[in-house]
Amino acid sequence: MIRSKLKQLIDSCFNQGAAQGLWSNAAAGLYNVETPRHDGQGDFATNFAMVLAGKEKRNPREIAGQLVALLETDDTLLDKVKIAGPGFVNLFLKPSVWSTVLAPIDDQRQQFGLTNIGNSKKVMVEFVSANPTGPLSVGHGRNGILGDTIARLLDATGFDVTREYYFNDAGRQMRVLGGSLQARYLELLGEDNQFPEDGYQGEYLYEIAREMIEDAGDEFKDNELDFFRKRAQDAIFADIEATLKRIGITFDSYYNEHTLYEEGLIDAVVTELRAKNLVYEKDDATWFKSTEFGHEKDRVIIKSSGEPTYRLPDIAYHREKYRRGFDWMINIFGSDHIATVPDVMAGIEAIGLDNSKVQVILHQFVTLMRDGRQVKMSTRKATFVTIDELVDEVGVDALRFFFLMRKPDSQLEFDLELAKAQSQENPVYYVQYGHARLCSIERMAAEKEVALPELSATDLSCLREKEEYQLLKTLSEYPAMVTGAAKDLAPHRVIFYLMELAGHFHSFYNKHKVITEDEQLTAARLCLCQGIKTVLANGLELVGLTAPNKM
RNA sequence: GCGCCCGUAGCUCAGUAGGAUAGAGCGCCAGAUUCCUAAUCUGGGUGCCGCAGGUUCGAAUCCUGCCGGGCGCACCA
């Protein structure tokens, strides 16, 4: 807020200077207002003079001098300005400016930080998209929490967001699943059975089989494999949905790949590609000329068996997303899907669609550490750790927080022992404790019969401590942080912001008392606390974490 | 061999659009509570920002090459 006001001021100086012939327009929009790292360098600084000097081959300090002369005519924001280093202009704000950040927070409350930069643009976030072959594992957890939080960020910035789960309940994978359940069912009945060679070995299939026996005994023992496939799928999907709901994730729609076949959308893509002469037959298979799009080799889209490879439905699915009117399509994938991205992008381009509207977030793997060793996970083997197990151990908030702490590009190391044994040390509690403390202050004020002050009737000029400035400054950065995190699809920035704000608050709390004999100071500090509480609560909500009143 | 991601403090990781003296948490050491919750705070860091070049006023950040780790490179998804 304050920063953007300053930026406006400097922009106006820039235009003024250009009008006076002090410099050209070449540097328009290239300079910025940043926060200096060290004391004595002002509240903000601008690299204006250095950028301009680069463009015009002039001495930066001379330009800085001209800028300073223009800035000194302002008497609303600035206390003083100083030229420093190679040509930075350090900007020192009037102390009174800082307290103005509380008014918008007080006005907008839960709405504070929300913007409409998305302008109701239709965006789809597709994530999780796990086929129902087993419980969600840790990797799906990262995918889900990342996708969900990105969707929340886009909601908060005024996009019209649809969350979609894409799945496939046909194909070889699912037949193996059906065969695995059938074998478990027969095994529990003491009948002859043959467990598929590469079957799913997880305990969960025994559980489903046990339920079937409780329901209907051996009634199903002569049923076809497809019956078991369906039974397994339904049970597993119900589990998946329950797990997702438990960690705060919901979807607006589920899209079954089968729909693409039913509605002839697969054939439509093939027809279209054929018309453009981008497919050909070889070795009984149908190939897509991806080499025409700069790829190393062509790819099969229909196998010699007549079944499409994953590429064809993926292309058809995206075509359908465009038809449904999405202007921006975000896909959250694990890094093991890297190979599919270029193929599908080429396919989209091939059918005449603008693939710059599709953005893929590839997140790296979660490495699970147990006893200092990496746990190798496989869906088929019984060696994977489920999200439910993790949540049982560390709780929803800690899980979300941990998974959001790293940017998607980084591998994420999740130490089970650490999460279990030291959950008290978890940084999520640090932030939440800040909120609980603020609530506690309010309770104490009520107990002492100190009324919560009206901001408009409170004199904030007594907020002069270093810690108070720091808090006001951090609060003022919240809206820009939210829009930045949304624009860059970077939820981890919200986490880091919350830790910073909570940290400043804890420092303040330990050094200064809020409720004192000094009524004026008490009122001002209570207003400050209200602002911090609102922003902490909004930030926690934004990433799907709870803001407890008491801990 | 080719493509994508990563390499920053003992460990796990931040570091917008290139900026001034490099950041946090954890761990470790030493302290703080007659007072609003000590799940807190304060103090303690000699880091070849993987290596070598290049671009420029200025590089952890951009470019090139190399080294190391991860993930891929199917008529699986």
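As the structure is a prediction and not an experimental result, all values here were calculated from the model.
- Among the protein residues, A84(A) comes within range of the nucleic acid bases, having at least one heavy atom under 4.0 Å from a base atom.
- For the pair R142(A) CZ and C13(B) C1', the computed distance is 12 Å after rounding to whole Å.
- With C1' as the reference atom, G68(B) and A32(B) are 45 Å apart, rounded to whole Å.
- Look at Y430(A) and you'll find a side-chain N or O under 4.0 angstrom from OP1 or OP2 of C41(B).
- When heavy atoms are screened at a 4.0 angstrom cut-off, A45(A) is found touching base atoms of the nucleic acid.
- The gap from the C1' atom of G23(B) to that of C35(B) amounts to 34 Å, rounded to the nearest Å.
- Using a 4.0 Å heavy-atom distance criterion, A445(A) is classed as making no nucleic acid contact.
- Minimum atom distance to the side chain of N90(A) is reached by A20(B), of the listed C41(B), A20(B), A77(B).
- In this structure the side chain of N331(A) reaches within 4.5 angstrom of the side chain of H318(A), judged on heavy atoms.
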- Take F127(A) and I361(A) through the side chain to side chain contact (heavy atoms under 4.5 Å, CB included) test and state the conclusion after the steps. CA-CA 10 Å; F127(A) 60 109; I361(A) 302 285; over 6 Å; no
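- Checked against ring pair (Phe, Tyr, Trp, His ring centres under 6.0 Å), H295(A) has no partners two or more places apart in sequence or in another chain.
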- Note on the structure: In 5'-to-3' order, the base (B), backbone-only (S) or no-contact (-) status of each nucleotide in nucleotides 68-75 of chain B, using a 4.0 angstrom heavy-atom cut-off, is -BBSS-SB
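- Considering all non-hydrogen atoms of both residues, E465(A) and R525(A) come closest at CG-NH2, 3.7 Å.
- Positionally, the nearest nucleotide of RNA chain B for M499(A) lies more toward the 5' end than for the other of M499(A) and K513(A).
- Proximity of H506(A) to the phosphate of A39(B): no side-chain N or O atom is located under 4.0 Å from OP1 or OP2.
- Mapped onto RNA chain B by nearest heavy atom, V514(A) and M50(A) fall at different nucleotides, with M50(A) at the one closer to the 5' end.
- On the C1' atoms, G58(B) is 32 Å away from G69(B), given to the nearest whole Å.
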- Task: May I have the step-by-step check of salt bridge (charged side-chain N to carboxylate O under 4.0 Å, His left out) for D488(A) and R493(A), ending in yes or no?
- Result: CA-CA 10 Å; D488(A) 296 342; R493(A) 280 197 220 155; 2.7 Å; yes
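- The environment of E281(A) atom CD is dense: over 12 non-hydrogen atoms of other residues, nucleotides or ligands sit within 6.0 angstrom.
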Donor-acceptor pairs under 3.5 angstrom involving side-chain atoms of residues 395-405 of chain A: please list them, not counting sequence neighbours.
from	atom 1	to	atom 2	distance (Å)
D397(A)	OD1	T546(A)	N	3.3
D397(A)	OD2	Q432(A)	NE2	2.9
D397(A)	OD2	T546(A)	OG1	2.5
R400(A)	NE	V543(A)	O	3.2
R400(A)	NH1	D148(A)	OD2	3.2
R400(A)	NH1	I247(A)	O	2.8
R400(A)	NH2	D148(A)	OD2	2.6
R400(A)	NH2	T149(A)	OG1	3.1
R400(A)	NH2	V543(A)	O	3.3

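- Within 4.0 Å of Q41(A), counting heavy atoms only, lies at least one base atom of the nucleic acid.
- Look at R437(A) and you'll find a side-chain N or O under 4.0 angstrom from OP1 or OP2 of A38(B).
- Closest approach to the E34(A) side chain among G19(B), A39(B), G15(B) is made by G19(B) (side chain taken as heavy atoms from C-beta onward).
- Between G25(B) and G3(B), the two C1' atoms lie 34 Å apart (nearest whole Å).
- The CG atom of D409(A) sits 13 Å away from the C1' atom of A14(B) (whole-angstrom rounding).
- Across the protein-nucleic acid pair, R58(A) atom CZ and U56(B) atom C1' stand 19 Å apart, rounded to whole Å.
- Within the 4.0 angstrom heavy-atom criterion, base atoms lie near K550(A).
- We find that NE2 of H140(A) is positioned 11 Å from C1' of A77(B), with the value rounded to whole Å.
- On the P atoms, G19(B) is 15 Å away from C63(B), given to the nearest whole Å.
- What separates CG of N32(A) from C1' of G19(B) is a distance of 9 Å, to the nearest Å.
- Looking at E126(A) and F333(A), their side chains come closer than 4.5 Å, going by heavy atoms from C-beta outward.
- Within the structure, every side-chain polar atom (N or O) of S410(A) is placed at least 4.0 Å from both OP1 and OP2 of C5(B).
- Among the protein residues, N47(A) comes within range of the nucleic acid bases, having at least one heavy atom under 4.0 Å from a base atom.
- Annotation: E262(A), atom CD; neighbour count of heavy atoms from other residues, nucleotides and ligands within 6.0 Å is above 12.
- Between the CZ atom of F333(A) and the C1' atom of G3(B) there is a distance of 17 Å, rounded to whole Å.
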- Dot-bracket notation for RNA chain B, counting Watson-Crick and G-U pairs under 3.5 Å, with | for partners on another strand: (((((((..((((.....[...)))).(((((.......))))).....(((((..]....))))))))))))....
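- Nucleotide A17(B) carries a syn base; the chi torsion (O4'-C1'-N9-C4 or O4'-C1'-N1-C2) is within 90° of 0.
- Between C29(B) and G72(B), the two C1' atoms lie 46 Å apart (nearest whole Å).
- Every pair passing salt bridge (charged side-chain N to carboxylate O under 4.0 Å, His left out) that includes a residue from residues 332-349 of chain A is listed here, sequence neighbours excluded: R299(A)-D343(A), R311(A)-D343(A).
- Protein atom CD of E126(A) is 12 Å distant from nucleotide atom C1' of A77(B), rounded to whole Å.
- Among the protein residues, H504(A) comes within range of no part of the nucleic acid, since none of its heavy atoms lies under 4.0 Å from any strand.
- G18(B) and U12(B) have their C1' atoms separated by 27 Å, with the value rounded to a whole Å.
- R274(A) and V279(A) get closest at one heavy-atom pair: CA-CG2, 3.6 Å.
- No aromatic stack links F496(A) and the base of A14(B), using centre distance under 5.5 Å and interplanar angle under 30°.
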Show me, pair by pair, the donor-acceptor contacts under 3.5 angstrom made by side chains of residues 527-536 of chain A, not counting sequence neighbours?
from	atom 1	to	atom 2	distance (Å)
Q530(A)	NE2	E442(A)	OE2	2.7
K533(A)	NZ	E442(A)	OE1	3.3
K533(A)	NZ	E442(A)	OE2	2.8
T534(A)	OG1	Q530(A)	O	3.0

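- Note: CG (N510(A)) to P (A32(B)) measures 14 Å, nearest angstrom.
- Spacing between A24(B) and C66(B) at atom P, rounded to whole Å, works out to 36 Å.
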